[in-house]
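In what follows, a structure is listed as structure tokens, so that the remarks can point back to it.
Below, each value reflects all heavy atoms present in this structure, side chains not excepted, and no hydrogens, waters or symmetry copies. Within every chain, numbering begins at 1; the chains are lettered A, B, ... in the order of the sequence lines, protein sequences first and strands thereafter.
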Amino acid sequence: AQSVTQLGSHVSVSEGALVLLRCNYSSSVPPYLFWYVQYPNQGLQLLLKYTSAATLVKGINGFEAEFKKSETSFHLTKPSAHMSDAAEYFCAVIQGAQKLVFGQGTRLTINP
Amino acid sequence: NAGVTQTPKFQVLKTGQSMTLQCAQDMNHEYMSWYRQDPGMGLRLIHYSVGAGITDQGEVPNGYNVSRSTTEDFPLRLLSAAPSQTSVYFCASRQPNTEAFFGQGTRLTVV
């Protein structure tokens with residue numbers, strides 16, 4: 001069954017630095033992949049999604065992710081971090097067509 | 001268009017009490033799910049439904065019941081609350097092979 005693994009439960013970067021959050025998936029068929037963001041005491045908000053139309057996916061707030069089949073990865077990046085990017089980020093995949101399952105999350109801290 | 005609405009936002013229960021967490025969506029989505037969120041464990045799927053009258057278990061179903069009598073509503077019932085069920089609960093809805101939309105969550109404490 002498809003699943004996702006997020007490498008690094010905490011990532012800390014300086015304001016203005018590159019943000020890289022890692023997600024690897026396990027799937028024998030082209031997956032549907034998602035990145036969500038959760039700000040403190042809020043629900044989850046979709047950042048971007050991969051549905052096989054294009055390997056480089058652009059999302060909201062300047063984030064993007066690249067689907068790499070050879071590496072089974074869907075890492076999230078942003079060229080320049082902003083203080084407002086501090087949040088928890090979740091990678092997710094549709095499993096067996098019916099379930100949406102999540103990775104364990106990565107908490108992003110931005111240092112001034 | 002309210003999206004996904006969860007009630008209540010906060011709840012404190014005593015061990016052994018029962019309660020129902022409500023979830024309603026107004027987007028005519030086929031699929032609905034319940035998750036619990038605990039520190040360091042991401043979101044874990046409790047139960048899900050792919051249509052009215054159809055429900056199935058996720059990875060952590062014990063102690064919870066669900067039903068789906070209408071497309072719009074998907075309540076989660078705690079039969080006999082335990083401290084291990086202290087968590088933040090999220091309801092979500094979506095169409096097949098698309099992203100999920102989430103409610104704002106219910107913070108449940110069992111004492």
Side-chain angles (χ1 to χ4, degrees), chain A residues 1-11 21-25 27 29-53 57 59-60 63 65 74 87-108, chain B residues 2-10 21 23-25 27 29-51 54-61 66 68 74 87-108:
Chain A
Q2 293 95 327
S3 65
V4 290
T5 302
Q6 291 184 241
L7 301 177
S9 58
H10 290 90
V11 170
L21 304 182
R22 300 176 187 273
C23 174
N24 287 89
Y25 68 91
S27 174
V29 298
Y32 291 92
L33 289 160
F34 308 88
W35 274 101
Y36 283 84
V37 61
Q38 184 183 33
Y39 298 104
N41 299 314
Q42 294 189 24
L44 277 75
Q45 179 182 2
L46 181 71
L47 270 179
L48 49 82
K49 61 183 178 182
Y50 170 75
T51 56
S52 76
V57 181
I60 63 171
F63 284 93
F74 190 57
E88 188 150 20
Y89 293 80
F90 294 94
C91 184
V93 67
I94 290 178
Q95 183 185 82
Q98 296 183 344
K99 305 178 190 179
L100 180 63
V101 296
F102 288 80
Q104 293 185 326
T106 298
R107 183 167 299 278
L108 177 65
Chain B
V4 179
T5 303
Q6 287 183 238
T7 56
K9 288 187 170 54
F10 301 93
L21 277 61
C23 177
Q25 54 98 0
M27 297 172 283
H29 286 167
E30 291 182 48
Y31 292 7
M32 296 186 74
S33 303
W34 276 102
Y35 296 87
R36 59 177 290 171
Q37 183 178 22
D38 303 290
M41 305 189 76
L43 277 80
R44 292 182 292 169
L45 183 63
I46 304 172
H47 286 284
Y48 65 99
S49 169
V50 298
I54 306 169
T55 64
D56 206 346
Q57 297 180 351
E59 57 182 313
V60 288
V66 292
R68 184 104 180 265
F74 191 45
S87 188
V88 181
Y89 292 84
F90 287 99
C91 179
S93 74
R94 64 184 179 94
Q95 292 290 54
N97 295 330
T98 65
E99 70 271 24
F101 294 80
F102 284 82
Q104 288 300 298
T106 296
R107 187 172 296 273
L108 175 68

Whatever's closer than 4.5 Å to a heavy atom in chain B on A/K49 counts as side chain

Q. Do other residues, nucleotides or ligands put more than 12 heavy atoms under 6.0 Å from the CZ atom of A/R22?
A. no

| So, for A/F34 and A/Y50, is the gap between ring centers shorter than 6.0 Å? | no

TODO: Please state whether the rings of A/F102 and B/Y35 are parallel, tilted or perpendicular, taking 30° and 60° as the class boundaries.
DONE: perpendicular

If one checks every heavy atom of A/L44 against chain B at 4.5 Å, the contacting part turns out to be both

Scored by heavy-atom pairs under 4.5 Å with chain A, the best of B/A100, B/G103, B/A92, B/G105 is B/A100

Polar side chain donor-acceptor pair, A/T5 to A/N24, under 3.5 angstrom:
no

Honestly, the part of B/S49 sitting under 4.5 Å from a heavy atom of chain A is neither

Whatever's closer than 4.5 Å to a heavy atom in chain B on A/Q38 counts as side chain

Check your understanding: With side chains defined as the heavy atoms from C-beta onward, is the minimum distance between A/L100 and A/Y36 less than 4.5 Å?
Key -> yes

When the 4.5 angstrom heavy-atom criterion is applied to B/L45 and chain A, the contacting part is side chain

If one checks every heavy atom of B/R44 against chain A at 4.5 Å, the contacting part turns out to be neither

Applying a strict 4.5 Å limit to non-hydrogen atoms, the region of A/Q6 in contact with chain B is neither

If one checks every heavy atom of B/Q37 against chain A at 4.5 Å, the contacting part turns out to be side chain

Note: A/Q42 and B/Q104 closest approach over all heavy atoms is CA-OE1, 4.1 Å

Output field: ring centroids B/H29/B/F101 closer than 6.0 Å: yes

The interface call for A/L46 against chain B, heavy-atom contacts under 4.5 Å, is side chain

